Enquirer: 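What follows is a single structure, and I will ask about it in a moment.
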Amino acid sequence: MCSKSYNSFGNLISSSSPGSPTSNTDSNGSEFGSLPASLPTHALPEPAVVLNVMLHVIYNLPVRRFAPSLHIIEDALRILERYGIPAPDESADIWFLLLRHAEIQPIRAYAIAAGYAKEAVCVRISPYTLRVSLTQVSDAEALTMACKRVIDKPPKAHPPMALCLPEDASRVARAWDLAVANILVHPSLHNISPEELRESFSSVVRGRMCSECFDSVRVRVNEVVADWEGIKKTI
């Protein structure tokens, strides 16, 4: 679990557990590892049905047999971030379930996919949204979709150079996508200030980066901040 979480599962577990290790053997007497004598336990606040889906997602196990509701899918994806787990890629089973729900609740399903910057999922949901009247779109859903359009585009890439190879540009794009996903699942999206927005994108410029990449990120962040303020005035 620690290897999959960037915050030790909400700082609830650590790679070193308390207690003295005890030897373990199989039925033939062969040792197969050791376990600590005692392990800490924690009561989590989320319902068991949500945790069940979340844990299946973490370990890339199919979840469709549980037929979770759209509300449970949304909650499971949201608490992944709380426990430091990145949203699963677009091949994960949970997105297949989201597409099923999109036939009945297309706008909400689209907003969920958009909230995690899952472009391919959004494209597959889009045809269903054409059946929906604008009066059926909530303010929160409209805001999420509008904000995604503003911030989704990554900084402009430059031609490869000796000091900045294509893999370096790919790292910038991945960091941008992660920052976008974190912003779109913010519980108070409409209240994010320009300063918070800049701070959210500060992770993109961490680490080694050439001057052209840095300038491109800076220009793109300034564009996002300006457009973001415009959206908040119109939604």
Side-chain angles (χ1 to χ4, degrees), residues 5-12 44-47 50 53-54 57 69-88 94-95 98 101-102 105-119 121-122 125-126 129 132-155 172-206 216-235:
S5 172
Y6 60 76
N7 66 1
S8 298
F9 204 69
N11 296 316
L12 293 178
L44 302 180
E46 294 80 16
V50 176
V53 172
M54 182 192 72
V57 170
S69 68
L70 189 57
H71 178 74
I72 290 174
I73 291 173
E74 186 173 15
D75 284 351
L77 288 167
R78 185 175 64 251
I79 64 174
L80 281 172
E81 184 186 10
R82 180 184 307 166
Y83 294 118
I85 310 293
I94 197 166
W95 301 118
L98 188 69
H101 284 289
Q105 296 176 276
I107 297 299
R108 188 174 175 193
Y110 185 98
I112 292 171
Y116 295 93
K118 300 301 177 182
E119 191 69 32
V121 182
C122 289
I125 294 174
S126 291
T129 66
V132 181
S133 167
L134 289 177
T135 59
Q136 297 176 262
V137 181
S138 71
D139 288 346
E141 291 167 342
L143 180 62
T144 298
M145 291 187 286
C147 290
K148 181 183 183 299
R149 285 196 297 270
V150 165
I151 67 178
D152 200 32
K153 179 183 176 182
V172 173
R174 288 195 301 271
W176 185 273
D177 288 344
L178 180 59
V180 167
N182 288 335
I183 291 167
L184 291 177
V185 296
H186 193 285
S188 300
L189 191 59
H190 62 287
N191 287 328
I192 294 181
S193 67
E195 292 73 23
E196 289 175 304
L197 203 57
R198 292 183 186 280
E199 177 60 28
S200 297
F201 283 113
S202 65
S203 60
V204 180
V205 295
R206 290 174 188 157
S216 181
V217 171
R218 179 180 54 80
V219 168
R220 184 71 187 101
V221 170
N222 287 337
E223 292 173 349
V224 165
V225 170
D227 292 342
W228 188 273
E229 287 300 290
I231 284 179
K232 291 173 66 174
K233 293 176 182 177
T234 57
I235 295 295

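A quick note: this is a predicted structure, and the numbers were derived from the prediction, not measured. We count residues from 1, following the sequence as given.
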Enquirer: Measure the shortest side-chain to side-chain distance between Phe201 and Val225 over non-hydrogen atoms and say whether it is less than 4.5 angstrom.
Expert: no
Enquirer: Mind checking the NZ-CG spacing from Lys153 to Asp227? Nearest 0.5 Å is all I need.
Expert: 10.0 Å
Enquirer: Can you give me the closest heavy-atom contact between Pro155 and Val217, atom names plus distance?
Expert: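 Minimum heavy-atom separation between Pro155 and Val217: CG-CG2, 3.8 Å.
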Enquirer: Ignoring hydrogens and angles, tell me if any N or O in the side chain of Glu229 forms a donor-acceptor pair with the backbone of Ala226 under 3.5 Å.
Expert: no
Enquirer: Side chains of Arg218 and Glu223: does their closest heavy-atom pair fall under 4.5 Å?
Expert: no
Enquirer: Considering all heavy atoms of both residues, which atom of Leu98 and which atom of Ala109 are nearest to each other, and what is their separation?
Expert: CD2-O, 3.6 Å
Enquirer: Rounded to the nearest 0.5 Å, what separation is found between the CD1 atom of Ile72 and the CE atom of Met54?
Expert: 13.5 Å
Enquirer: Once rounded to the nearest 0.5 Å, what's the spacing between atom SG of Cys147 and atom CD1 of Ile192?
Expert: 7.5 Å
Enquirer: With side chain to side chain donor-acceptor pair (under 3.5 Å) as the criterion, how do Gln105 and Tyr110 come out once you've worked through the C-alpha distance, each side chain's angles and the decisive distance to 0.1 Å?
Expert: CA-CA 9 Å; Gln105 296 176 276; Tyr110 185 98; over 6 Å; no
Enquirer: Do Val53 and Leu77 have side chains that approach each other closer than 4.5 Å (heavy atoms only, starting at C-beta)?
Expert: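 No, too far: nothing below the 4.5 Å cut-off.
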Enquirer: Using 0.5 Å steps for rounding, measure from the CD1 atom of Ile183 to the CD atom of Glu196.
Expert: 10.0 Å
Enquirer: Are the side chain of Trp176 and the backbone of Ile151 linked by a donor-acceptor contact shorter than 3.5 Å?
Expert: yes
Enquirer: Write down the atom of Ser200, the atom of Ala179, and the distance for their closest heavy-atom approach.
Expert: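 Heavy atoms of Ser200 and Ala179 come nearest at O-CB, 3.6 Å.
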Enquirer: Taking the side chain from Trp95 and the backbone from Pro88, do they hold a donor-acceptor pair closer than 3.5 Å?
Expert: yes
Enquirer: Between atom CD1 of Ile112 and atom CG of Leu70, what is the distance when rounded to the nearest 0.5 Å?
Expert: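 So the gap between those two atoms works out to 4.0 Å.
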Enquirer: Decide, yes or no, whether a salt bridge links Arg198 with Glu195 under the criterion of side-chain N to carboxylate O below 4.0 Å.
Expert: no
Enquirer: Just by modelled atom types, is the Val180 backbone N or O under 3.5 Å from a matching donor or acceptor in the Tyr116 side chain?
Expert: no
Enquirer: What distance do Asp75 atom CG and Ser69 atom OG have between them, rounded to the nearest 0.5 Å?
Expert: 8.0 Å
